[in-house]
Amino acid sequence: MSHIGHAPLWYTRPTVDRPITLVTIGGDGDNARRNIGPGVRPVLAGLRSGRAMSPGSWEIAADVKPMNSKQYVESLGDEQGGAASRLNAQYVTLDPNALDGSYQELGSLCTRRDENQIVVWLSTAPEHYWDALSGIHAHFPDDTIVIIEKPPAKDLTRARRLVSHARRLFGNRFLLLDHYWGKPGVIELMVKLSGPFFGATLQSVTEMHVITDEKRLVTGRHRYFDGVGLFGDVFPSHLLNVASAIACERSDDATELPAARALFLKSLPVPTLEEVARNSRRGQYEGFRQEEGADPRSEADTVFALRLTLPSDHPRLPDVPCIFSAGKGMQENRGVVRLRLADGQWVEHDLQKRVRGTLRTHGLLLLAAAAHRMEYFVSPDEALRAMELNDAVQHAWRSGCVPLEPYVPGRMISSDFVPRRV
Ligand SMILES: O=C1O[C@H](COP(=O)(O)O)[C@@H](O)[C@H](O)[C@H]1O
């Protein structure tokens, strides 16, 4: 592995003993181009096979846009295209009318480097998961690892069905990923709060606020947003996962983390309709419905704030309000956790900070997947509890009990949107 500067002591890097073939479904999409590719290429470049003359790790991108491998590599620009071409990256066009054939082609490409661990990263909208899972199961090697990146479906019932289907097909080689757990800022905060000093700080927390604000608009993702809104995009994933990762009970054994996080999520009460009405707000930026691809009557939220209060018998954080807020078209880019302590002081931690010596988020998570480090992934229990909380809020909002408030893009801060306590 190549080393990128000097890693801080709290940062560990999972190790693997085989090269990886990474297949990215949705490889032409924004997430694959902006995040996955640049994150994983330095990792793939560093993983070689012990076999003489072995070509080592490999990248295969697949998407519906017709393109050949040369065009794909060129489309990545100089730096990323150079890195992809050193990995001899291949591009496979997925035929939406003959998907099984496309997966067969991908599967047989993978077998060309049969010493490699195959990892398939589904960077697509959830509506494509079923076809992809069937294609991979039918045509890929038996030990293929499958990563899904997004809440597994738009509601609890669908999520439950998908997760149990995927577990039946792939067992614990099916992984639910939330890229926030690969962010150095999140890992650092988790580690800090596990130590005795900051662990004690956590005991004196009287309020917790998780905020992810982005200046960018929804542009190009209207179909997805019309179904779930920003709330469905980031609440059952990034926001809840950050909260559970920092507030859960710790032991020294990392394999216990998923169960501990699930326990924390279970301690957050599922709100009733009246509680949602009192403790949440939602809004949509002006101009959203006029954007290309938008539904002119869309009710999708692009900013929201929600307060869920832990019960009074919570062992560590009794009666502590947890506030979640996020927005698109915000005044600034900001991903933070703010904790109010018993003395009234606020401490703030930057979740987006860059830390020298650490891998880019998606590179770290690829290694964690290949090394079966399950604590880096969302367990089915966690994902389903998150969807239960999500459903309660979405259901209440659909009933019309919380109005969709307009706002001017570029002038809003989601943490200013929090409803007052009554
Ligand atoms: O998964 C998602 O995350 C991004 C924000 O990720 P970040 O690493 O830039 O903080 C968000 O823009 C997107 O809507 C969501 O689907």
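Ligands are counted one by one from 1 in listed order, and the atoms in each one are counted from 1 as well. Computation of the quantities below employed the complete heavy-atom set of this structure, encompassing side-chain atoms and omitting hydrogens, waters and symmetry-equivalent molecules.
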>> Apply side chain to side chain contact (heavy atoms under 4.5 Å, CB included) to residues Thr93 and Asn68 and explain how you reach the verdict.
In response: CA-CA 8 Å; Thr93 304; Asn68 61 33; over 6 Å; no
> Are Glu388 and Lys266 ion-paired here, with the side-chain N under 4.0 Å from a carboxylate O?
Replying inline: no
> Judged by atom type as modelled, is there a donor-acceptor pair below 3.5 Å linking the side chain of Arg316 to the main-chain atoms of Gln203?
Replying inline: no
>> So if I count the atoms of ligand 1 from 1 in the order they appear, which ones are less than 4.0 Å from some heavy atom of Lys328?
In response: 11 (C), 12 (O), 13 (C), 14 (O)
> Any idea how His222 and Phe288 line up, ring-wise: parallel (<30°), tilted (30 to 60°), or perpendicular (>60°)?
Replying inline: tilted
> When only distance counts, is Tyr224 in polar contact with ligand 1, meaning an N/O pair under 3.5 Å?
Replying inline: no
>> Among all the protein's non-hydrogen atoms, which is closest to atom 15 (C) of ligand 1, and how far away is it?
In response: Asp233 OD2, 3.3 Å
>> So that I know where these two stand, are Phe377 and Trp181 an aromatic pair - ring centroids less than 6.0 Å apart?
In response: no
> What's the shortest distance from atom 5 (C) of ligand 1 to any protein heavy atom, and which residue and atom give it?
Replying inline: Glu214 OE2, 3.6 Å
> Which atoms of ligand 1 sit under 4.0 Å from any heavy atom of Lys183?
Replying inline: 7 (P), 8 (O), 10 (O)
>> Which of the numbered atoms in ligand 1 are under 4.0 angstrom from any heavy atom belonging to Gln352?
In response: 10 (O)
> Which protein non-hydrogen atom lies closest to atom 9 (O) of ligand 1, naming both residue and atom, and how far is it?
Replying inline: Arg216 NH2, 3.6 Å
> For the side chain to side chain donor-acceptor pair (under 3.5 Å) test, which of Lys65, Gln90, Glu59 pairs with Tyr72?
Replying inline: Glu59
> Parallel, tilted or perpendicular: which describes the rings of Tyr180 and His238, with under 30° parallel and over 60° perpendicular?
Replying inline: parallel
>> Tell me the protein heavy atom at minimum distance from atom 6 (O) of ligand 1, and give that distance in Å.
In response: His179 NE2, 3.1 Å
> What atoms of ligand 1 come within less than 4.0 Å of a heavy atom belonging to Arg221?
Replying inline: 13 (C), 14 (O), 16 (O)
> Quick one: nearest non-hydrogen protein atom to atom 2 (C) of ligand 1, plus distance?
Replying inline: His238 NE2, 3.1 Å
